[in-house]
Amino acid sequence: MAELLAWIARHLVDDPAAVIVESVERDDVLVLRLHVAPDDVGKVIGRQGRIARALRTIVRASGARDDRRIVLEIAD
């Protein structure tokens, strides 16, 4: 799942080399932290958070297939 998220994020930003996806396990939840260049944060969030919402939906749907809760955090 982290690879798919990184691939999508690399195609959204101007600096694809700065995209890093970090996986952290908290309780029974897998947290994916998306790091991008400071200038690209707005591109990943989108207008009124639409792109961020879509990314979270993709991540949540992939976790549902495995009966696992996955959360996306966009790091500053």
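A quick note: this is a predicted structure, and the numbers were derived from the prediction, not measured.
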Any Ile70 side-chain heavy atom under 4.5 Å of Ser62 side chain
yes
With a 4.0 Å cut-off on N to O distance, would you call Arg10 and Glu3 a salt bridge?
no
What are the two closest heavy atoms between Ile58 and Met1, and how far apart are they?
CG2-CE, 4.2 Å
Shared hydrophobic cluster, Leu4 / Leu55 (ILVMFWY, side-chain heavy atoms < 4.5 Å):
yes
With Glu25 via side chain to side chain donor-acceptor pair (under 3.5 Å) - residues at least two apart:
Arg68
Less than 4.5 Å apart, side chain to side chain, heavy atoms only: is that true for Val71 and Val59?
no
Would you say that Ile74 contacts Ile45 through its side chain, given a criterion of any heavy-atom pair below 4.5 Å between the two side chains?
yes
Under 4.5 Å between any side-chain heavy atoms of Leu34 and Glu73, yes or no?
no
Pairwise side-chain contact, Ile51 with Arg53, heavy-atom cut-off 4.5 Å (strictly under):
no
If you take all heavy atoms of Arg56 and Leu72, which pair is closest and at what distance?
NE-O, 3.2 Å
Heavy-atom distance under 4.5 Å between the side chains of Ser23 and Val31, does that happen here?
no
Applied to residues 10-38, the ring-ring contact (aromatic ring centres under 6.0 Å, His included) test, sequence neighbours excluded, yields Trp7-His11
With heavy-atom distances below 4.5 Å as the criterion, would you say the side chains of Asp14 and Asp39 are in contact?
no
What closest approach, in Å, do Val21 and Ala2 show between heavy atoms, and which atom pair accounts for it?
CG1-CB, 3.7 Å
Count the heavy atoms of every other residue, nucleotide or ligand shown that sit under 6.0 Å from CG of Asp27, and state whether that count exceeds 12.
no
Side chain proximity check, Val36 to Asp15, heavy atoms < 4.5 angstrom:
no
